[in-house]
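Report on the following structure.
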Amino acid sequence: MSFDAESRMQFLFALRSQGVTDKRVLAAMEKIDRGKFVRGIFAERAYEDMPLPIACGQTISQPSVVGLMTQALEISPRDKVLEIGTGSGYQAAILSRLARRVYTVDRHRRLVAEARAVFEALELANVTAFTADGSHGLADQAPFDRILVTAAAEDPPGPLLAELRVGGIMVVPVGQSDAVQTLIKVTRHESGFDYEELRPVRFVPLLEGLSRD
Ligand code: SAH
């Protein structure tokens with residue numbers, strides 16, 4: 001299976017039918033081949049609108065969820081973006097086509113190494129991946145215009161709220177790890193934060209500390 005004209009058309013059709021309508025987001029998702037981020041027996045399902053298993057017992061998110069989260073971030077080409085939960089690197093690659101600079105972190109060293117290799121192969125020069133516990137933020141590069149968390153937290157993590165610039169937007173799935181969670185859009189104002197519930201989602205949990213692999 002390759003990301004040829006026909007699979008691209010079906011992929012985009014599925015995105016649109018799930019509510020991904022932002023032209024820049026659709027263009028980015030048309031450009032980045034999801035098949036590069038999925039390995040082994042699941043590679044042939046890369047263009048279906050479903051989450052798939054990746055290494056370290058993690059998952060690459062469903063494309064329509066990637067699209068809806070990216071759309072909710074309202075990224076401008078000048079933005080510096082932080083993603084927590086690199087996973088396969090697919091979401092970060094989409095962000096890299098829309099933003100000026102993308103930092104992405106994962107607690108699994110192996111996932112970071114594999115994602116870096118794909119970023120290099122695709123010549124995505126504005127995305128940097130680190131092995132780190134993202135729940136503490138990324139102080140060296142803060143503040144951020146946009147923050148995307150792709151693992152579920154019980155509450156929006158305080159250190160991440162603190163690293164969001166005034167006027168900035170954070171999108172984060174919130175809720176218990178094994179139940180349905182709610183995708184929340186947080187907007188920072190001069191005087192505080194606004195919280196908007198977007199839709200139910202299901203993500204792997206945001207865990208403390210680094211993994212051993
Ligand atoms: N955005 C990814 C999918 C993420 S799956 C993609 O496009 O493929 C969620 C990821 O969050 C997993 O890889 C998991 O290792 C990571 N994660 C969980 N807790 C974390 C933490 N505290 N810091 C950094 N990464 C974390």
Side-chain angles (χ1 to χ4, degrees), residues 15-16 18-29 51 61-87 90-107 126-127 130 132-208:
L15 293 174
R16 283 200 202 88
Q18 293 302 313
V20 184
T21 52
D22 185 301
K23 288 206 173 60
R24 290 183 68 229
V25 173
L26 288 167
M29 295 186 75
S61 311
Q62 189 175 347
S64 56
V65 172
V66 170
L68 291 168
M69 290 174 96
T70 309
Q71 185 166 284
L73 280 174
E74 301 171 31
I75 297 171
S76 99
R78 290 186 309 273
D79 286 346
K80 182 167 68 168
V81 182
L82 172 65
E83 180 197 27
I84 309 301
T86 311
Y90 178 65
Q91 171 77 72
I94 303 294
L95 296 173
S96 83
R97 306 240 0 138
L98 300 168
R100 175 173 57 86
R101 199 80 188 75
V102 177
Y103 295 93
T104 179
V105 304
D106 204 288
R107 56 190 292 279
N126 64 338
V127 47
F130 297 110
D133 177 352
S135 55
H136 301 303
L138 192 64
D140 286 356
Q141 305 298 337
F144 299 96
D145 302 293
R146 301 288 185 264
I147 299 178
L148 178 57
V149 187
T150 64
E154 285 192 23
D155 292 298
L160 294 181
L161 291 173
E163 291 184 0
L164 190 60
R165 204 190 286 283
V166 172
I169 297 173
M170 172 159 91
V171 171
V172 51
V174 168
Q176 299 296 328
S177 58
D178 50 352
V180 170
Q181 307 132 6
T182 306
L183 194 61
I184 307 274
K185 175 176 179 174
V186 185
T187 309
R188 182 164 197 172
H189 301 292
E190 291 285 353
S191 54
F193 298 91
D194 259 5
Y195 295 85
E196 184 190 344
E197 289 191 8
L198 297 181
R199 51 170 273 149
V201 283
R202 191 159 191 177
F203 278 85
V204 300
L206 188 72
L207 298 175
E208 287 277 318

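Residues Q181 and Q176 form no side-chain contact, since every pair of their non-hydrogen atoms from C-beta on lies 4.5 Å or further apart. In this structure the side chain of V149 never reaches within 4.5 angstrom of the side chain of F203, judged on heavy atoms. Put simply, the side chain of Q91 reaches to within 4.5 Å of the side chain of T70, judged on heavy atoms.
When atom types are taken as modelled, the side chain of K80 and the backbone of P143 share a donor-acceptor pair closer than 3.5 angstrom. Remark: the backbone N or O of V81 is not paired with any side-chain donor or acceptor of D79 at under 3.5 angstrom. The closest donor-acceptor contact from the side chain of R146 to the backbone of E74 lies under 3.5 Å. The closest donor-acceptor contact from the side chain of E163 to the backbone of L138 lies under 3.5 Å. Checking side-chain atoms of R188 against main-chain N and O of L164 turns up a donor-acceptor pair under 3.5 Å. R101 contributes a side-chain N or O that, together with a main-chain N or O of N126, makes up a donor-acceptor pair within less than 3.5 Å. A donor-acceptor contact shorter than 3.5 Å is absent between the side chain of R97 and the backbone of A27. A distance-only check finds a donor-acceptor pair linking the side chain of T86 to the backbone of V105 [under 3.5 Å]. A donor-acceptor pair is defined here as one N or O able to donate and one able to accept, closer than 3.5 Å; no such pair exists between the side chain of D194 and the backbone of H189. The backbone N or O of I84 lies less than 3.5 Å from no partner atom in the side chain of T104, so there is not a single donor-acceptor pair.
Expressed to the nearest 0.5 Å, how far CG of L148 lies from CD1 of I94 amounts to 11.5 Å. Interatomic distance, L198 CG to I184 CD1, rounded to the nearest 0.5 Å: 7.5 Å. The CE atom of M69 sits 5.0 Å away from the CG atom of L183 when rounded to the nearest 0.5 Å. Here the CG-CZ distance, from L26 to R16, works out to 5.5 Å after rounding to the nearest 0.5 Å. From I75, atom CD1 reaches atom CZ of R100 across 12.5 Å, with rounding to the nearest 0.5 Å.
Between P156 and M170, the closest heavy-atom pair is CB-CE, 3.8 Å. The shortest heavy-atom contact between P77 and R24 is CG-NH2, 3.8 Å. Scanning both residues, S61 and V66, for their nearest heavy atoms gives CB-CG2, 3.8 Å. Closest non-hydrogen pair, E208 versus S135, comes out as OE2-OG, 3.9 Å. Counting all heavy atoms, side chain and backbone alike, P157 lies closest to L206 at CG-CD2, 3.9 Å. In plain terms, the two heavy atoms of L73 and L95 that are nearest each other are CD1-CD2, 4.0 Å.
Checked against side-chain contact (heavy atoms from CB on, under 4.5 Å), T21 has the following partners two or more places apart in sequence or in another chain: Q71.
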Next on the checklist: With side chain to side chain contact (heavy atoms under 4.5 Å, CB included) as the criterion, how do R199 and V65 come out once you've worked through the C-alpha distance, each side chain's angles and the decisive distance to 0.1 Å?
Outcome noted: CA-CA 10 Å; R199 51 170 273 149; V65 172; 3.9 Å; yes
Next on the checklist: What verdict does the side chain to side chain contact (heavy atoms under 4.5 Å, CB included) test give for Y90 and M29, after you've listed the backbone C-alpha separation in whole Å, the side-chain angles of each residue and the deciding distance to 0.1 Å?
Outcome noted: CA-CA 10 Å; Y90 178 65; M29 295 186 75; 3.5 Å; yes
Next on the checklist: Pair T182, V174 - check side chain to side chain contact (heavy atoms under 4.5 Å, CB included), show working.
Outcome noted: CA-CA 5 Å; T182 306; V174 168; 5.5 Å; no
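Below 30°, between 30° and 60°, or above 60°: for Y103 and F130 the angle between ring planes is below 30°, a parallel geometry.
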